[in-house]
Amino acid sequence: MTAHLLILYPHPQNTEQFERAYREEHLPYAGPRLAGATSVVTKHVVGPAFAPPPYHLMSDVSFPTIETLKACAASTGGQEALAHAGSISSGGAPTILVVTDNA
């Protein structure tokens, strides 16, 4: 069962600065520290249609199992990656969720 670490970034104080920091600083920094991750997909949040979106950006880090995700999150590298995510988020602390493909 695939597991996903979702990082939901609030709206930044400066969108252009955040986008640059995310692409040029965070992804190169965090990627090598996420042991066991199989992919990272980044998406802009645009809805719901009836209200402004609650978040600006969502990063979906996939792992082959929940155990692999938990081991990464507990590791020094995983903790460093999550801390760095918070350090670039000028709109407040990101929301962190763990989900699985098991419905």
Side-chain angles (χ1 to χ4, degrees):
M1 151 181 37
T2 305
H4 303 266
L5 179 66
L6 303 178
I7 301 94
L8 304 169
Y9 291 92
H11 295 280
Q13 293 176 3
N14 181 315
T15 301
E16 185 177 309
Q17 184 179 27
F18 169 77
E19 297 276 341
R20 189 177 325 102
Y22 180 80
R23 278 188 321 275
E24 297 175 12
E25 296 173 29
H26 182 63
L27 289 177
Y29 178 85
R33 289 167 173 76
L34 297 173
T38 56
S39 69
V40 176
V41 177
T42 302
K43 299 179 182 195
H44 282 93
V45 180
V46 296
F50 57 84
Y55 300 100
H56 174 70
L57 194 78
M58 179 182 82
S59 182
D60 178 353
V61 184
S62 296
F63 293 85
T65 66
I66 191 69
E67 291 79 15
T68 306
L69 186 156
K70 288 179 180 180
C72 177
S75 73
T76 300
Q79 292 296 312
E80 290 170 348
L82 289 173
H84 193 267
S87 76
I88 66 161
S89 185
S90 62
T95 298
I96 308 295
L97 300 173
V98 173
V99 299
T100 65
D101 289 339
N102 205 16

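Keep in mind that what you see is a predicted model, and the values were worked out from it rather than measured.
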Is any side-chain heavy atom of [X] closer than 4.5 Å to a side-chain heavy atom of [Y]?
X     : Y     : result
Ile96 : Leu5  : yes
Lys70 : Thr65 : no
Val46 : Pro53 : no
Ser89 : Pro10 : yes

Q. How many angstroms lie between atom OG of Ser39 and atom CG of Asp60, to the nearest 0.5 angstrom?
A.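 One gets 6.5 Å once the value is rounded to the nearest 0.5 Å.
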**Q.** Stepwise side-chain contact (heavy atoms from CB on, under 4.5 Å) test for Ser59 and Val41
**A.** CA-CA 6 Å; Ser59 182; Val41 177; over 6 Å; no
Main chain of [Y], side chain of [X]: is a donor-acceptor contact present, judged purely on distance under 3.5 Å?
X     : Y     : result
Glu25 : Arg20 : no
His56 : Leu8  : no
Thr2  : Pro64 : no
Ser75 : Cys72 : yes
Gln13 : Ser90 : yes

Is [X] linked to [Y] within one hydrophobic cluster, defined over Ile, Leu, Val, Met, Phe, Trp and Tyr using a side-chain heavy-atom separation of less than 4.5 Å?
X     : Y     : value
Val45 : Leu6  : yes
Tyr55 : Val99 : yes
Leu82 : Leu97 : no
Val61 : Val98 : yes

Q. What pair of heavy atoms forms the shortest contact from Pro32 to Leu27, and how long is it?
A. CD-O, 4.4 Å
Q) Closest approach of Pro12 and Phe18, non-hydrogen atoms and distance? A)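 Taking Pro12 first and Phe18 second, the nearest heavy atoms are CB-CB, 3.6 Å.
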Q) Relative to Tyr29, does Arg33 satisfy both conditions: NZ or CZ under 6.0 angstrom from the six-membered ring centre, and within 45 degrees of the ring's axis? A) yes
Q: Classify the side-chain pair Thr42/Tyr22 by whether it contains a donor and acceptor separated by less than 3.5 Å.
A: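 Per modelled atom types, Thr42 and Tyr22 side chains form a pair under 3.5 Å.
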Q) Any luck finding a side-chain donor-acceptor pair between His44 and Glu19 under 3.5 Å? A)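 Result is yes, a qualifying pair exists.
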Q | Neighbour count above 12 (heavy atom, 6.0 Å) for Gln17 CD | A |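 For Gln17, atom CD is not crowded (no more than 12 foreign heavy atoms under 6.0 Å).
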Q) Using 30° and 60° as the class limits, which term best fits the ring planes of His26 and Tyr9: parallel, tilted or perpendicular? A)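 Judged by the thresholds at 30° and 60°, the geometry between His26 and Tyr9 is perpendicular.
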Q: Report the C-alpha separation of Thr100 and Ile66 in whole Å, then their side-chain angles, then the decisive distance to 0.1 Å, and conclude whether the side-chain contact (heavy atoms from CB on, under 4.5 Å) test is met.
A: CA-CA 7 Å; Thr100 65; Ile66 191 69; 4.3 Å; yes
